[in-house]
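Since the structure comes first, as structure tokens, the remarks are kept for the end.
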Amino acid sequence: MKTPVPDYLQHVLSACNNNQSGALANYIPELAQADPNKLALALSTIDGTIYSTGDDTLEFTIQSMSKPFAYALALKTLGLNAVLQKVGVEPSGEAFNQISLGQDQLPKNPMINSGAITTHALLPHKKTVSRAEHLRRFLSELAGRELQFDENVYASEVKTAFRNMSIGYMLRTVGVMDEDPEQIVNGYIQQCSIKVTVKDLAAMTSVLANGGIQPKTGKRLLDRAIVRQVLSVMMTCGMYDAAGDWLTTVGIPAKSGVAGGIMGVLPGQVGIAVFSPKLDSHGNSVRGVEIFERLSSDMGLHLMEGTPSAQTILQSRYSIGKKQNVIVYELRGVLQFTESEMLLRFLQDEPQAKNKIILDLTNLTLIHDVGARMLFEGVKRLKEDGHQVIVVDSEGVLSEEQVKGNKRLVVNDTLEHYLAQFEEKK
Ligand code: GLU
């Protein structure tokens, strides 16, 4: 059997191919040379599989899609508080290159140019390694290959960067930035000129979808708290003055770039990247928006749809042993707050008789910290009621940190093996 996912993606691409509306960005002369017919789509899963179709090996400049990653790198380098003192997190409802500041005299958010230029100044740098080079290395690590700058697009934008230069001077004037505005704006433009394919973007977004861990290598590249901050800002500010429209129709945290790319991240599920150079009046790729709308509605990817996952937490409950007083709970799925609440309600209904209760975690795929805390609190209360309780975790779903202080309650044997002792007593 061949999975139908690539066929489906190909189908979505073909369906959008006829849409000829929009216009190439022409304020950066080199971008006006792009082939308007190019079209590509890639989707990454949180285990690192990448499906792609169309012009998926074509490189284009990352442009504003670099902004969330630059923000992530600034947060990683300086911490949240230091960054918040320089750039806000409020949607601006303005165009990406608006020459404006919030009432507090700070750029409103890191997704519009004033915030992104400020963020660029916060990137790590040494005498020999520029801020843009630091970011290029970071993006290469996320993409899993060495990315390069596009010197032509860079030179072309620098020549016509009057508006961004004004923003730079404005930031210097109000004291948000101490550095030489020309140097910072040029560095920001270089950051925007890094070349990517949709497959690179899909790999990069898979790290964000996976809570900061590179799914292929298992290496943590970003703290979970940073990923949450970045995705929140993408959700509210990523699509500029079309942010509300995007949230209601697509509902996926996303960022567009003026070369024609759009990338989106659905936390815990998928990363998506599209490329098509013609833009709408907000500066977002026309066919890119259409593809996202289709994917979101066809695949139920809207963030606000949610999933009633709690209903699946209890796979089965049965009793064994001579006196049928060994009660086994086999759990499955993900243990977060809602699932833990449901599990605790089941356990609350356990008869007062002094039973031995076995909680089998083998088929759980993930236990969040809140899930582990609630689980062990439930175990404690069952024991206070006089039950004997054992947690079977043969696959090691609980982390060492989560087990801390409860080690004696956890058995790493398989459920079958552990239960054999009771079968013999029958
Ligand atoms: N380099 C572009 C600029 O600053 C990025 C804009 C965008 O991609 O939206 O004007």
Side-chain angles (χ1 to χ4, degrees), residues 22-34 59-71 87 91-100 107-121 123 131-132 135-136 139 147 149-171 177 181-196 198 201 204 233-234 237-243 246 254-264 273-286 288-289 292:
L24 292 170
N26 56 11
Y27 75 100
I28 301 174
E30 190 70 17
L31 294 186
Q33 308 302 317
E59 290 187 319
F60 51 93
T61 50
I62 189 167
Q63 298 297 341
S64 282
M65 291 178 291
S66 64
K67 292 171 180 173
F69 297 112
Y71 188 49
V87 191
S92 69
E94 295 167 348
F96 70 97
N97 55 5
Q98 191 78 22
I99 305 178
S100 69
K108 288 182 189 153
N109 68 67
M111 300 294 117
I112 52 173
N113 287 11
S114 56
I117 292 168
T118 307
T119 305
H120 182 83
L123 295 181
R131 296 171 172 89
L135 187 68
R136 189 199 64 77
L139 295 188
L147 303 175
F149 295 110
D150 186 323
E151 299 302 340
N152 293 334
V153 172
Y154 169 70
S156 165
E157 185 170 357
V158 162
K159 262 194 235 153
T160 54
F162 310 115
R163 212 178 161 91
N164 281 334
M165 235 17 120
S166 321
I167 295 174
Y169 278 102
M170 169 188 71
L171 295 167
M177 243 168 45
E182 281 192 35
Q183 194 197 336
I184 296 299
V185 171
N186 287 348
Y188 158 76
I189 292 172
Q190 201 181 8
Q191 143 184 344
C192 290
S193 78
I194 294 170
K195 288 185 282 188
V196 287
V198 283
L201 288 170
M204 289 153 73
V233 173
M234 276 168 70
C237 316
M239 300 303 275
Y240 307 130
D241 42 345
W246 180 267
K255 186 73 211 80
S256 61
V258 78
I262 305 180
M263 63 172 203
V274 297
F275 171 69
S276 174
K278 280 184 161 183
L279 309 179
D280 62 18
S281 57
H282 305 289
N284 300 325
S285 164
V286 173
V289 171
F292 263 93

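Just so it is clear, the structure is predicted and the values come from calculations on it, not from any experiment. Atoms within a ligand are numbered from 1 in the order they appear, just like the ligands themselves. Keep in mind that the numbers below use all heavy atoms, side chains included, and drop hydrogens, waters and symmetry copies.
Within 4.0 Å of ligand 1, the residues that place a heavy atom are Tyr27, Gln63, Ser64, Phe96, Asn113, Glu157, Asn164, Tyr188, Cys192, Tyr240, Gly257, Val258, listed by chain and number.
His282 places none of its side-chain heavy atoms less than 4.5 Å from the side chain of Met239.
With 3.5 Å as the limit, one finds no donor-acceptor pair spanning the side chains of Ser193 and Glu157.
Judged as a side-chain contact (heavy atoms from CB on, under 4.5 Å), and not counting sequence neighbours, the contacts of Phe96 are Tyr27, Asn113, Tyr240.
Across Val274 and Gly288, no two heavy atoms sit closer than the pair CG2-CA, 3.5 Å. Of all heavy-atom pairs between Lys255 and Met234, the closest is N-CE, 4.0 Å.
Of the possible donor and acceptor atoms, none in the side chain of Arg131 sits under 3.5 Å from a partner among the backbone N and O of Gly187.
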